[in-house]
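The structure presented is a predicted model; accordingly, all values stated were derived computationally and were not measured. Both backbone and side-chain heavy atoms feed into the values below; hydrogens, waters and symmetry mates do not.
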Amino acid sequence: MSLKIHNSLTRQKETFQPIKEGKVRMYVCGVTVYDFCHIGHARSGIVFDVIYRYFKHIQKTGGLEEVIYVRNFTDVDDKIINKANQDGKTCREISEKYIEEFYRDMDALGLLKPDVEPKATDHIPEMISIIEKLIEKDHAYQAGNDVYFDINSFSPYGKLSGKTVEDLLAGARVAVDEKKKDPGDFALWKGSKPGEPEWDSPWGKGRPGWHIECSAMGQKYLGEYFDIHGGGKDLIFPHHENEIAQSHAATGKVPVKYWIHNGFVDINKEKMSKSLGNFFTIREVLKEVNPETLRFFLLSSHYRSGIDFSEQVLKDARIGVERFYRTLQDLMSLQTKGGSEREQNDPRLELILSTHKRFFEEMDDDFNTAAAIGRLFEWVRAVNSLLTENPSLLLANRDKILQDFRDMSFVLGVFQQDPGRHFEKETEARLAKLNMDRREIARLIDERAKARKNKDWAGSDAIRDQLAAKGIVLEDKPDGTVWKFQ
RNA sequence: GGCGCCGUAGCCAAGUGGUAAGGCCGAGGUCUGCAAAACCUCUACCCCCGGUUCGAAUCCGGGCGGCGCCUCCA
């Protein structure tokens, strides 16, 4: 493994060196479950899914013994409480419902299951224990029924986000609270108010602050010092900054070696967010395109950059995905040896056979999926080129070529279906939308075949135009006419 | 106000010192009754101005433009 990762903590690309030889332990902040996920959540989910898949691949090839991936659910939070009150339900009902919806979306997008998916509410005792430790070490103080973290007691505070305690004050956007020693202090434990979920604690009934859950669950499943912690860029401050402060202050150890943060999905260059109202839910988008297209699109730029979402760019992705499946189908269904007997060291074959190596070189460079996909497109063109000019050479090497492709597509989590099945599903979806059936199309194609036989080109073209108006294109092949949706 | 990121072809997008990957769209060609698909060929003075260097999209300084975090947020 010769992986380099951009570490948010140092703002530099670093050579990845697992803390324990042969083991990778990663923790990623999941979602707060109070609503449907939008495609920003999809991006984060997919980015870290690809990272997990990358390590899985390394493991499969013997480069790692173990990969542990933890992704949590935040199921106690102001927003959940609000939603519950609004819908007249309990917080638990809300969180359970949206966990289910989360899985529906993420399964559709082909995310692998993390090894552990802990919920905050299942870890209240662990959180309380950390808070007690912090109070004991004078890093936290009780104020009324609340407990706050004292940021001035922890000198490295602000390292991750590049802020100083003074900077935070200068912002003057921090809510001033009489109970806090410093406006930047944050809640570890909140005394409960009526109508809120509550747990017993040494400080009375209450609920945990947001950040403490990740400290508790990270420590419990991955230890006090683990390799990778990820999440969206927006979590750098305050969430991850505070998490570091709590964990480090409590254990005396730096909690995480590499911090990875993904960029946002933008709409017209602006961050997609609930408050701006410019968001698309995953299921909304999946009504328009198949999940692999959304996935392919989200991987088509580097994970740290912003990625602008638009109809045009989604269409480009769709065309790309279709092209891959078409080539894959052609390659898999290749049967008879054709073409001339050419020398075996065709540069195109060399390119195809070296794609696996070049693909993983791109992935090794801070998970550069955009460049890796570039290598894959070169592969497509070379395969197609041989498909038309020297298929026998391709046939002779097909097993290796397909195996390499499976490795690469596994890591990206795309092109996982049989091409025939992919086209079948696409077609079904489009037919349903148009309320058409195959018989009708077959009948028209028959009719056109007759016209063509009689060299009635006008009649033949009329039928083709008629279908084209519905987005159906015909391809006349040696053994008959096939149709597909544009 | 503080901190930070970004600006590469009509559009999307890699590329952190050696002379611009890849995709979409477009043009021409091969194939085809004509098409479609596929293949071949073509399409960039890297926002501006200075500087460092034999050499800069890449480093430094200054502009201009866009965005993010500092408040819940993937």
Q: Go through A/Met26 and A/Phe226 one step at a time and tell me if the side chain to side chain contact (heavy atoms under 4.5 Å, CB included) criterion holds.
A: CA-CA 7 Å; A/Met26 61 187 267; A/Phe226 53 88; over 6 Å; no

Q: Step by step, work out the side chain to side chain contact (heavy atoms under 4.5 Å, CB included) result for A/Phe264 and A/Asp234.
A: CA-CA 8 Å; A/Phe264 302 131; A/Asp234 45 1; 3.6 Å; yes

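Contact of A/Ser161 with B/G4 (side chain to base): no donor-acceptor pair of N or O atoms is detected under 3.5 Å. No hydrogens or angles were tested; on distance alone, nothing pairs the side chain of A/Asp266 with the base of B/G68 as donor and acceptor under 3.5 Å. Between the side chain of A/Arg464 and the base of B/C34, at least one donor-acceptor pair of N or O atoms lies under 3.5 Å. With hydrogens and angles ignored, a donor-acceptor pair under 3.5 angstrom links the side chain of A/Arg452 to the base of B/G33.
Only the P atoms considered, B/G10 is 24 Å distant from B/U19, to the nearest whole Å. B/C42 and B/C47: their P atoms are spaced 25 Å apart (whole Å). Using atom C1' as the reference point in both B/A44 and B/C3, the two lie 34 Å apart (nearest Å). To the nearest whole angstrom, the two C1' atoms, one in B/C6 and one in B/U58, are 15 Å apart. Nucleotides B/U8 and B/A57 place their P atoms 15 Å apart, quoted to the nearest Å. Look at the C1' atom in both B/G22 and B/A14: the space between them is 7 Å, to the nearest Å.
Taking the 5.5 Å centre cut-off and the 30° plane limit, the aromatic side chain of A/Trp457 is classed as stacked on B/G33.
Mapped onto RNA chain B by nearest heavy atom, A/His41 and A/Arg326 fall at different nucleotides, with A/Arg326 at the one closer to the 5' end. Nearest-nucleotide positions on RNA chain B place A/Ala371 closer to the 5' end than the other of A/Ala382 and A/Ala371.
The side chain of A/Thr32 lies closest to B/A74, out of B/C40, B/A74, B/A14. Closest contact between the side chain of A/Phe237 and the listed nucleotides B/G23, B/C25, B/C70 involves B/C70. Checking B/A13, B/C69, B/G33 against the side-chain heavy atoms of A/Ala370 singles out B/A13 as nearest. When the nucleotides B/G23, B/G33, B/C39 are ranked by their closest atom to the side chain of A/Arg448, B/G33 comes out on top. When distances run from any side-chain atom of A/Asn384 to the nucleotides B/A38, B/A36, B/A74, the shortest one goes to B/A38. If you check B/A37, B/C11, B/A74 against the side chain of A/Asp316, the one that comes closest is B/C11. Closest contact between the side chain of A/Phe264 and the listed nucleotides B/C25, B/A38, B/A74 involves B/A74. Side chain of A/Lys269, nearest nucleotide from B/C67, B/A74, B/C34: B/C67.
In a base pair of the Watson-Crick type (N1 to N3 plus N6-O4 or O6-N4) or a G-U wobble (N1-O2 and O6-N3), with each distance short of 3.5 Å, B/G61 is matched with B/C49. With a 3.5 Å ceiling on both atom-pair distances, the Watson-Crick or G-U wobble partner of B/C24 is B/G10. The pairing partner recorded for B/A38 is B/U30, the criterion being a Watson-Crick or G-U wobble arrangement whose two distances lie under 3.5 angstrom. Figure legend. B/G4 is base-paired to B/C67; pairs are counted as Watson-Crick or G-U wobble with both atom distances under 3.5 Å.
Contact annotation: A/Arg381 does not reach the phosphate of B/C39 (side-chain N/O to OP1 or OP2, under 4.0 Å). Remark: A/Lys315 is not in phosphate contact with B/C25, judged by side-chain N or O atoms under 4.0 Å from OP1 or OP2. At the phosphate of B/C12, neither OP1 nor OP2 sits under 4.0 Å from any side-chain N or O atom of A/Arg318. Considering only side-chain N and O atoms, A/Asn368 lies nowhere under 4.0 angstrom from the phosphate OP1 or OP2 of B/A14. Taking 4.0 angstrom as the limit, A/Ser305 places a side-chain polar atom (N or O) nearer than this to OP1 or OP2 of B/A14. Contact annotation: A/Arg348 does not reach the phosphate of B/C39 (side-chain N/O to OP1 or OP2, under 4.0 Å).
For the pair A/Lys180 and A/Ile151, the minimum side-chain heavy-atom distance is 4.5 Å or more.
Applying the side chain to side chain donor-acceptor pair (under 3.5 Å) test to pairs two or more places apart or on separate chains, those with a residue in residues 105-114 of chain A are A/Asp105-A/Arg283.
In this structure, A/Leu160 places its CG atom 14 Å from P of B/C5, rounding to the nearest Å. A/Lys477 has its NZ atom 13 Å from the P atom of B/C39, to the nearest Å. Separating the NE2 atom of A/His240 from the P atom of B/C69 is a distance of 14 Å, rounded to the nearest angstrom. Protein atom NZ of A/Lys271 is 19 Å distant from nucleotide atom P of B/G4, rounded to whole Å. As a whole-Å value, the separation of A/Glu389 CD from B/C39 C1' is 7 Å. Put simply, NE2 on A/His6 is 14 Å from C1' on B/C6, counting in whole angstrom units. Protein atom CG of A/Asp182 is 14 Å distant from nucleotide atom C1' of B/C70, rounded to whole Å. Between the CD atom of A/Gln312 and the C1' atom of B/G26 there is a distance of 13 Å, rounded to whole Å.
Nucleic acid contact for A/Leu474: base, since at least one base atom lies under 4.0 Å from a heavy atom of the residue.
With A/Tyr34 as the aromatic partner, A/Lys79 meets the cation-pi criteria of under 6.0 angstrom to the ring centre and within 45 degrees of the ring axis.
A/His229 and A/Trp259 have parallel rings, their planes meeting at less than 30° on a 0 to 90° scale where 60° marks the start of perpendicular.
Proximity of the aromatic rings of A/Tyr103 and A/Phe73 is defined here by a centroid distance below 6.0 angstrom, and this criterion is met.
Atom NZ of A/Lys193 is surrounded by 12 or fewer heavy atoms from other residues, nucleotides or ligands within 6.0 Å.
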